[in-house]
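Input: a single structure, listed below in structure tokens.
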Amino acid sequence: MDLKAQLKTAVETAAQQLGATVDAAIQETPAGKAGDYGTPAAFLIAKTIGGNPAQIAAQLAQTVQLPQGIKKVEAAGPFLNFFVDVGAFVRGVVEKPFEMPRLSGKVVIEHTSVNPNKELHVGHLRNVVLGDSMARIFRAAGQTVEVQNYIDDTGRQAAESIFAVNHYGLKWDGVQKYDHWLGEGYVRLNADPAKPELEPGIREIMHRLEAGELRAEVEKVVHAHLVTCFRLGARYDLLAWESDVVGSGFLGHGLNILEGSPFTSWPTEGKFAGAFVMDVSAFMPNLEESNVVLRRSDGTAMYVAKDVGYQFWKFGLFEGMKFKPFATDPDGRTVWTSAPDGQPDTEGRFGHADEVINVIDSRQDHPQKIVRASLGVAEQPEKEDRSIHLSYAFVTLEGQTISGRKGVTVSADAAMDEAQKRTLAVLAEINPELSQREDANEIARRIGLGAIRFAMLKAEPTRKIDFRWEQALALNGDTAPYIQYAAVRAASILRKGQEAGYAIDGTGADWDALPDADLTLAKQVAKLPEIVAQSVHVHSPHVVAQYALDLATSFNAWFNAKDKKGKPATNVLQSEEGLREARLALVARLRQAFEETLDLIGIEIPAAM
RNA sequence: GCACUCGUAGCUCAGGUGGAUAGAGCGUUGGCCUCCGAAGCCAAAGGCCACUGGUUCAAGUCCAGUCGAGUGCACCA
């Protein structure tokens, strides 16, 4: 149990003795206040048993049992503050592995789901990075994670691109990236004044797509998309094709389940006569129209019915899809795909989620709420509860709405190329020697991609992002390179320490020689597990990104600390023996915290900067 | 019109389940490399936390309303 949890128990036990049952919050004391951790629990106790909070805090200070590692407690007015034993605390942080949350169960995360008709643009980056980071974080918290990527292969967009290729007689040269080439046909078609007359041809392609005749064409785009996503660091377990969702009868299965619900009906009169409708008012209050049509009066299904069926399948409400390998990712793991000629999933390997997270932009808020409500309609309240829409605001480009058709767009591939190019240029300028090293490109890759990923997830998902080169590729300030630089610097200290023959594992450490400055840093390092727990709780990786910044800031401040005479106060290698070993061990732990934290958001640390 | 999201420093953003003087980055100004990496650090300036009311010992945080911005509201996909 970590120290804060022990403090919480100690305070609550002491409160019990005074006759009050409270939920004691343990927080860090504000900078400048006495103590390390504190609690305002006396307010709550005073409320239940009466009395003066300050007096109660004083009483608690007398009776509370101090856990190991806490050397002193004192009341500061109504607050109860604890003082940690610096040496014992830092030693604990250094020697104990992180106690990550231990969640169980399976979560299915759907992300990317880009129309297979043209290349990804910078707006898609946000989706991929959010989803991939969530997958990493949930995995670290102990859950089984399955990442799915939905392929809308029967939609209008895919049809238009394929039609354009045929119509204009376009030939792929085998050199240009396939998705970029295909996208050019799409753009050309949509700029063509004759497009309205071409409608019958497009419709024919749509029918052929639905029949699965053009699967091979679509697969080429999907492979090209995977190249982009792999480069970003994303990984997938399963590609779920819309044609397979439909072909596996998920629509019917889903509607069958819903038909047994008291919230669905086949009205015989009124505006919905002849249609199959679902009343979601019990799950989505305040709607002007609470009836959702699932099957039209002509018998055809509405689009949301597909989403509902797919969602039900993710939760394991029925089976039916077949699967086969599709590709191998850069780590050598197999990416599976749904396929009509695949094998049945007899082991319940895919789907069967306890929780489903759909990473989709906020324009889909309403349909996603309907999907969620449909689980309520199906009388599956716990699944409804764990049906999460990770909604994020769309990305604009230099203030304009991204539109491939209007040419207001930057591809994800170009953004990554540019990021690496700019990084390399900066490297040549500020560290010419390093830029001559043979791994200079790899260094630039890690920094450039890190910068992009970080820019996409440092803010809350509900924030709108306006993609601007200077901002997305900035190398100082609140950026990935700032954090990476700190991590590299930490590694550099460790290397120098080892070269000098010092132990970095705490051997020979004099923990009690550590001053408060080192305690501040150790406290920051110790926070990682609760950060992971919070990120899982709020379903957003921005919490982890912000923590990574805090960690780097704390380390830089500590590294540069000066004493009253303006001399370095925390120089590790020049510290006295014993203190030096303690600091080296702390820096080693910090470096590990950087690695684990950045890995949670898919950012790699370069060998040097 | 209805619903959802948002409104914190000039700009871009952090601020667990309410708790002690509201924090960063960019930009501005001024400092810090005979000392482990200056892509760094320190300091200054910059805030009626949109507004009004309410709940509470305590509100940036919760509730109601107002104003402003964005998005979505088809037997479309």
Side-chain angles (χ1 to χ4, degrees), chain A residues 23 25 27 29-33 38-41 43-44 46-47 52-53 76-79 81 152 154-157 271-277 284-289 291-298 300 302-304 306 361-367 369 391 393-394 423 426-427 430-431 447 458-460 462-466 468 470-471 474-479 481-482 484-486 488-497 500 530-531 533-534 537-538 542-543 545-546 549-550 552-553 555-562 566-568 570-575 583-584 587 608-609:
Chain A
D23 178 18
Q27 57 206 46
T29 52
K33 289 284 174 187
T39 178
F43 285 113
L44 301 174
K47 178 150 281 184
N52 175 330
F79 292 94
N81 290 341
D152 182 3
T154 62
R156 178 165 196 95
Q157 315 237 28
K271 64 191 279 202
F272 298 118
F276 179 54
V277 304
M284 297 171 65
N286 304 328
L287 288 180
E288 271 183 308
E289 174 55 72
N291 288 299
V292 176
V293 174
L294 294 171
R295 200 185 274 285
R296 303 183 191 90
S297 48
D298 66 5
T300 57
M302 292 283 286
Y303 190 84
V304 276
K306 286 184 206 170
D361 81 74
S362 64
R363 284 175 289 207
Q364 298 287 326
D365 282 352
H366 187 66
K369 276 188 180 148
S391 172
F394 60 89
T423 305
V426 170
L427 200 60
I430 68 177
N431 198 338
I447 297 170
K458 71 175 166 184
E460 265 184 301
T462 51
R463 291 280 175 195
K464 291 182 274 261
I465 290 183
D466 187 30
R468 293 192 194 125
E470 313 81 68
Q471 236 168 281
L475 302 177
N476 42 35
D478 285 348
T479 65
Y482 172 80
Q484 290 167 320
Y485 184 77
V488 166
R489 178 188 256 169
S492 172
I493 293 173
L494 294 172
R495 192 186 60 244
K496 290 226 159 89
E530 54 184 293
I531 294 295
Q534 195 195 343
H537 179 65
V538 302
H542 85 280
V543 180
Q546 292 292 334
L549 281 174
D550 289 343
T553 302
F555 174 54
N556 282 331
W558 174 82
F559 178 85
N560 283 292
K562 304 276 196 296
K567 296 288 177 194
T570 57
N571 190 307
V572 177
L573 301 179
Q574 295 185 13
S575 297
R583 282 183 162 152
L584 280 166
V587 172
M609 290 182 76

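Labels below follow one simple rule: chain letters A, B, ... track the order of the sequence lines, proteins then strands, and each chain is numbered from 1.
Both A:R296 and A:R468 lie close to RNA chain B; mapped to their nearest nucleotides by heavy-atom distance, the more 5′-ward contact belongs to A:R468. RNA chain B is contacted by both A:L549 and A:R295; A:L549 maps to the nucleotide lying nearer its 5′ end (nearest heavy atom per residue).
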Protein-proximity profile, nucleotides 54-74 of chain B, B/S/- by nucleotide at the 4.0 Å heavy-atom cutoff, equals --SB------------SSS--
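Put simply, the side chain of A:T570 reaches to within 4.5 Å of the side chain of A:R583, judged on heavy atoms. At least one side-chain heavy atom of A:R489 sits less than 4.5 Å from a side-chain heavy atom of A:F555.
Residues A:P40 and A:Q27 share a closest heavy-atom pair of CD-OE1, 3.9 Å. Here the shortest heavy-atom pairing between A:H366 and A:L287 reads CE1-CD2, 4.0 Å. The minimum heavy-atom distance linking A:S391 with A:D365 is given by the pair OG-OD1, 2.8 Å. Between A:L573 and A:L584, the shortest heavy-atom distance links the atoms CD2-CD2, 4.3 Å. In terms of heavy-atom proximity, A:K562 sits nearest to A:G566 at CD-O, 3.4 Å. What you find for A:Q484 and A:M609 is that their closest heavy atoms are C-SD, 3.6 Å.
Listed by chain and residue number, A:R363 satisfy the salt bridge (Lys or Arg N to Asp or Glu O under 4.0 Å) test with A:D361 (two or more places apart in sequence, or in another chain). Applying the salt bridge (Lys or Arg N to Asp or Glu O under 4.0 Å) rule to A:R156 yields the partners A:E160, A:E199; only residues at least two apart in sequence or on another chain are considered. Contacts of A:S362 classified as side chain to side chain donor-acceptor pair (under 3.5 Å), with partners at least two apart in sequence or in another chain: none. Every residue was checked against the salt bridge (Lys or Arg N to Asp or Glu O under 4.0 Å) condition with A:K464, not counting sequence neighbours, and none meets it. In this view, A:V277 and A:S265, A:P267, A:F272, A:A275, A:N291, A:V293 satisfy the side-chain contact (heavy atoms from CB on, under 4.5 Å) rule, not counting sequence neighbours. Residues that satisfy the salt bridge (Lys or Arg N to Asp or Glu O under 4.0 Å) test with A:E460, not counting sequence neighbours, are absent from this structure. Applying the side chain to side chain donor-acceptor pair (under 3.5 Å) rule to A:Q471 yields the partners A:R468; only residues at least two apart in sequence or on another chain are considered. Contacts of A:A474 classified as side-chain contact (heavy atoms from CB on, under 4.5 Å), with partners at least two apart in sequence or in another chain: A:T479.
Anti is the classification of B:G10, since its glycosidic angle lies more than 90° from 0. Base orientation of B:C33: syn, the glycosidic angle falling within 90° of 0.
Of the candidate nucleotides B:G37, B:C75, B:U17, B:U17 has the atom nearest to the side chain of A:A25. The side chain of A:H542 has B:A14 as its nearest neighbour among B:A14, B:A77, B:G16. When distances run from any side-chain atom of A:Q546 to the nucleotides B:C36, B:C75, B:A14, the shortest one goes to B:A14.
Taking the P atom of each, B:C11 and B:C32 are spaced 32 Å apart, rounded to whole Å. The C1' atoms of B:G18 and B:U56 are separated by 9 Å, rounded to the nearest whole Å. Comparing the C1' positions of B:A14 and B:G72 gives a spacing of 28 Å, expressed to the nearest Å. As rounded to the nearest Å, B:G53 and B:C73 have P atoms that lie 38 Å from one another. Atom P of B:G25 sits at a distance of 31 Å from the matching atom of B:U52, rounded to the whole Å. Straight-line distance between the C1' atoms of B:C41 and B:G60: roughly 30 Å, to the nearest whole Å. Rounded to the nearest Å, the gap between the P atom of B:C51 and that of B:C67 is 16 Å. Atom C1' of B:A3 sits at a distance of 33 Å from the matching atom of B:G47, rounded to the whole Å.
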Enumerate all atom pairs, one protein N or O and one N or O from nucleotides 38-41 of chain B, separated by less than 3.5 Å.
residue: B:A38; atom: OP2; partner: A:R489; partner atom: NH2; Å: 2.6
residue: B:A39; atom: OP1; partner: A:Y485; partner atom: OH; Å: 2.9
residue: B:G40; atom: O3'; partner: A:N556; partner atom: ND2; Å: 3.3
residue: B:G40; atom: O2'; partner: A:R489; partner atom: NH1; Å: 3.2
residue: B:G40; atom: O2'; partner: A:N560; partner atom: ND2; Å: 3.2
residue: B:C41; atom: OP1; partner: A:Y482; partner atom: OH; Å: 2.6
residue: B:C41; atom: O4'; partner: A:N560; partner atom: ND2; Å: 3.0

Every protein N/O within reach of nucleotides 20-22 of chain B N/O, cut-off under 3.5 Å:
residue: B:A20; atom: N6; partner: A:N81; partner atom: OD1; Å: 3.0
residue: B:A20; atom: N1; partner: A:N81; partner atom: OD1; Å: 3.1
residue: B:A20; atom: N1; partner: A:N81; partner atom: ND2; Å: 3.2
residue: B:U21; atom: O4; partner: A:A31; partner atom: O; Å: 2.4

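Between the CE atom of A:M284 and the P atom of B:A3 there is a distance of 12 Å, rounded to whole Å. One atom, CG of A:D361, and another, C1' of B:A77, lie 14 Å apart when rounded to the nearest Å. With rounding to whole Å, A:D478 atom CG is found 9 Å from B:A14 atom C1'. We find that CD of A:E470 is positioned 13 Å from C1' of B:U12, with the value rounded to whole Å. The NZ atom of A:K458 sits 10 Å away from the P atom of B:A14 (whole-angstrom rounding). Between the P atom of B:C75 and the NZ atom of A:K271 lies a distance of 6 Å, rounded to the nearest Å. As a whole-Å value, the separation of A:Q471 CD from B:G27 P is 12 Å. In this structure, the CG atom of A:L584 is 9 Å from the C1' atom of B:C36, given to the nearest Å.
Within the nucleic acid shown, A:K369 comes within 4.0 Å of sugar-phosphate atoms alone, with no base atom in reach, counting heavy atoms only. Residue contacts shown for A:E530 include a base, since a base heavy atom lies under 4.0 Å away. Base contact: A:T570 has a heavy atom under 4.0 Å from a base atom. Within the 4.0 angstrom heavy-atom criterion, no nucleotide atom of any strand lies near A:A545. Across all strands shown, A:V538 has no heavy atoms under 4.0 Å from either base or sugar-phosphate atoms.
RNA chain B contains the following stems of three or more consecutive Watson-Crick or G-U pairs, with both distances under 3.5 Å: B:1-7 with B:67-73, B:10-13 with B:23-26, B:28-32 with B:40-44, B:50-54 with B:62-66.
At the phosphate of B:G37, OP1 or OP2 sits under 4.0 Å from a side-chain N or O atom of A:S492. Phosphate proximity of B:U5 to A:R463: absent, as no side-chain N or O sits under 4.0 Å from OP1 or OP2.
Scanning atom types as modelled, no donor and acceptor separated by under 3.5 angstrom connect the side chain of A:T462 and the base of B:C6.
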Set out, in order, the CA-CA distance, both residues' side-chain angles and the distance that settles side-chain hydrogen bond (donor to acceptor under 3.5 Å, both in side chains) for A:N556 and A:Y482, then state yes or no.
CA-CA 10 Å; A:N556 282 331; A:Y482 172 80; 3.2 Å; yes
